[in-house]
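As structure tokens, the structure follows; a few thoughts come after it.
Below, read A as the first sequence line, B as the second, and so on, with proteins coming before strands; counting in each chain starts at 1.
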There are 2 protein chains.
Amino acid sequence: MLGVWRLQLLREISRRGSIKAAAEAMSITPSAVSQQLAILEREAGVELLEKSGRRVRLTDAAQLLVRHADTITGAIAAAEADLASMQQLVIGTLRVAAFPTAARAILPSVMTALSRQHPALRVTLRDLEAAESLTALQMDEIDLAIVDEYDEPARVSDGGLEFCEFMRDPLYLALPPEESSTPSPALRASPVAGAAVRLSDYRDSFWIMDTEDSHLGQVTLRACRSSGFEPHVRSNCKDFSVIIALVEAGLGVGMLPGLAIHDRPVRASIHPTEPPLARRIASVIRPERRSHPMIVSALAELERFGAAYAQPRLS
Amino acid sequence: MLGVWRLQLLREISRRGSIKAAAEAMSITPSAVSQQLAILEREAGVELLEKSGRRVRLTDAAQLLVRHADTITGAIAAAEADLASMQQLVIGTLRVAAFPTAARAILPSVMTALSRQHPALRVTLRDLEAAESLTALQMDEIDLAIVDEYDEPARVSDGGLEFCEFMRDPLYLALPPEESSTPSPALRASPVAGAAVRLSDYRDSFWIMDTEDSHLGQVTLRACRSSGFEPHVRSNCKDFSVIIALVEAGLGVGMLPGLAIHDRPVRASIHPTEPPLARRIASVIRPERRSHPMIVSALAELERFGAAYAQPRLS
DNA sequence: TCAGCTAGGAAGCTGAACTTGATTTGCGTA
DNA sequence: TACGCAAATCAAGTTCAGCTTCCTAGCTGA
């Protein structure tokens with residue numbers, strides 16, 4: 001019979017593209033992987049690897065086996081999840097990845113709540129952009145990914161992952177504080193704090209934008225254009241704290257997601273837009289772990305955070 | 001991670017009901033099974049076996065694991081089948097079980113055809129009644145079962161097995177040969193050879209029946225009753241050859257399936273009934289092996305036999 | 001009550017799977 | 001073209017999982 005361990009090694013080679021990388025991922029030596037695959041080839045009766053330069057390439061038969069290895073591994077994981085859910089035991093290590101803003105604004109409270117509820121649970125956190133965390137999830141390097149989505153749910157190549165939107169994060173327009181000398185060319189009365197504003201009212205302001213290749217940058221740009229103007233971009237900054245600082249200094253206006261100013265005092269005037277803009281925040285898991293109590297608890301906690309966050313609160 | 005080998009041992013205990021039996025099935029010692037299950041309990045973190053007299057009983061958690069073990073084993077088997085079908089290799093050992101009549105009438109020609117087509121294929125045959133071969137299939141003691149079905153497809157507890165009817169076997173009424181002195185109380189002109197007859201025409205004959213608990217016996221009895229009479233049963237015989245001999249000796253009439261007189265000279269007058277009666281003959285496999293070339297070839301050969309058999313042929 | 005059967009623990013053995021270290025082969029670079 | 005590095009693989013030695021054998025404990029039926 002085909003050895004499951006060997007199949008998992010093959011799977012890892014397929015994921016990571018080289019024997020060395022697979023070996024590192026499974027924390028054994030490349031030599032061991034090479035030997036195990038030689039055995040698997042005997043078991044299967046087919047060539048599985050062919051040399052391609054100084055690397056290896058998977059044959060068709062190997063790719064077939066990788067697909068099967070995925071379902072086999074999934075079935076084992078499902079058994080473990082069922083077992084854990086039967087015992088209602090929330091123990092072990094939950095590996096979470098979140099995009100940076102979420103890692104700062106959401107995860108601290110969620111992690112403390114989780115470890116208060118389940119003292120035996122260890123939660124580790126990495127901050128990864130959405131796309132990175134999805135591949136990490138597929139690589140089985142993390143158990144739970146928190147991603148942001150700006151456009152409509154694309155999820156074409158979701159690779160069998162399970163998405164669950166647990167909150168929406170409104171996008172706000174940040175205006176320089178009242179007292180600051182606004183360098184905006186147009187003089188205007190500042191709107192009432194917290195009142196919705198139209199982007200087109202700031203067609204003549206300088207704009208502090210996220211980087212062009214970021215989702216938020218593109219969404220902002222598109223929103224300005226569909227409001228009928230091309231923004232005067234004064235600077236492109238990746239880090240929201242920098243954007244906040246520039247707006248606070250009165251150097252322009254900028255779009256900020258709510259989480260970026262959540263639980264953080266900001267000396268700027270924050271306004272929802274009309275029409276409202278928002279990004280969706282979703283949890284992503286591997287479906288076979290859906291019933292794992294560790295996952296169930298974490299998702300519940302995220303839902304709770306999302307519900308609390310939905311209460312309007314403007315600084 | 002849960003050890004697959006251990007899960008399979010647990011599965012075998014569940015199937016066979018004792019550690020000893022499971023150990024024999026896997027050809028290791030009971031002690032080894034006991035040790036592996038102790039390890040599996042540690043892996044799972046749950047009690048899996050509880051003593052019940054001098055045997056063991058599976059806990060709920062264990063039964064949950066058995067179900068998962070089934071799907072895992074199925075997934076591995078599917079991988080192997082896919083692998084073999086990719087290579088189009090028909091090698092190995094095909095273990096067949098068939099009910100006795102089929103074992104005599106169908107399997108010899110099918111087996112010779114198979115081993116002619118695929119010299120590397122070994123075919124082994126056991127004769128088992130339908131119910132026995134189904135459990136053997138679930139026990140993974142055979143790869144292919146040939147069963148007969150008299151009633152409408154029940155298949156309630158088919159246990160995830162896959163049935164495929166490949167032929168129908170008509171039931172014939174066997175009458176004593178012309179020249180024999182018929183001890184039947186009623187004098188009548190014998191029907192034209194091969195012509196359909198009505199059971200009610202033989203309400204006054206003696207009947208040679210299959211055993212009462214056999215399917216054929218019950219079907220015959222029911223047919224007689226629905227033709228409006230209770231047959232005078234002269235003897236109940238399990239073996240069709242005995243029934244044939246008795247009819248040949250002129251001691252009565254009897255129902256015989258076509259296969260029982262297939263390719264075998266019979267000195268009796270064989271007649272289809274009006275309305276016609278038949279049993280269905282089906283192949284049964286485990287679904288995960290459906291695409292295995294060994295199975296594919298065997299099923300094709302059975303279909304071929306069924307098609308040839310369907311040509312009317314009466315002795 | 002005892003003989004027979006099943007489950008399971010202890011000790012020792014075997015082989016599968018790993019590591020280490022040397023070798024081969026391909027690729028980029030001086 | 002030669003050199004060095006990187007990746008795979010081979011050979012030899014080592015470790016440990018999983019087996020057997022032998023034994024004990026406990027249930028069951030004669």
Please evaluate the base of C:dT20 for a donor-acceptor partner in the side chain of A:S31 within a cut-off of under 3.5 Å? yes
For B:L64 and A:L83, work out which heavy atoms get closest and say how close. CD2-N, 4.1 Å
Give the minimum heavy-atom separation between B:A84 and B:P293, together with the two atoms involved. O-CG, 3.5 Å
B:D82 versus A:H68, side-chain donor and acceptor atoms under 3.5 Å: yes
How close or far is atom P of D:dG18 from atom CG of B:L37, stated in whole angstroms? 12 Å
Any side-chain N or O of B:K51 below 4.0 angstrom from OP1/OP2 of D:dA25? no
If you pin B:G17 and A:I28 to their nearest nucleotides in DNA chain C, which one's is more 5'? B:G17
Just the rounded figure in Å: distance from C1' of D:dC19 to CG of B:L9. 12 Å
CD of B:E43 versus C1' of D:dA17: gap in Å, rounded? 11 Å
In whole Å, I'd like the distance from the NZ atom of B:K20 to the P atom of C:dT6. 5 Å
Answer yes or no: does a side-chain N or O of A:T29 lie under 4.0 Å from OP1 or OP2 of C:dT19? yes
In this structure, how many angstroms lie between the P atom of C:dA7 and the CG atom of B:L58, rounded? 12 Å
If you check the B:R54 side chain, which of C:dT20, D:dA7, D:dC27 turns out closest? D:dC27
Take the protein atom CZ of B:R42 and the nucleotide atom C1' of C:dG9, then report the distance between them rounded to whole Å. 14 Å
Taking C:dG8, D:dA8, D:dC27 as options, the one with an atom nearest any side-chain atom of A:S18 is D:dA8
Whichever of A:S52 and A:I39 has its nearest DNA chain C nucleotide further upstream toward 5': A:I39
Going by distance alone, is a donor N or O of one side chain under 3.5 Å from an acceptor N or O of the other, for A:H292 and A:S85? no
Out of D:dA7, D:dT28, C:dA11, whichever nucleotide has its closest atom nearest the side chain of B:Q35: C:dA11
Shortest side-chain distance from B:W5, nucleotide among D:dC19, C:dC18, C:dA10: D:dC19
Just how far, in rounded Å, is P of D:dA7 from CG of A:L49? 16 Å
The side chain of A:R6 lies closest to which of these nucleotides: C:dC18, C:dA17, D:dT9? C:dA17
A:L40 atom CG is separated from C:dA17 atom P, nearest whole Å, by 11 Å
Thinking salt bridges, do A:E43 and A:R6 make one under a 4.0 Å N-O criterion? yes
What nucleic acid atoms does A:Q36 come within less than 4.0 Å of, heavy atoms only: base, sugar-phosphate, or nothing? sugar-phosphate
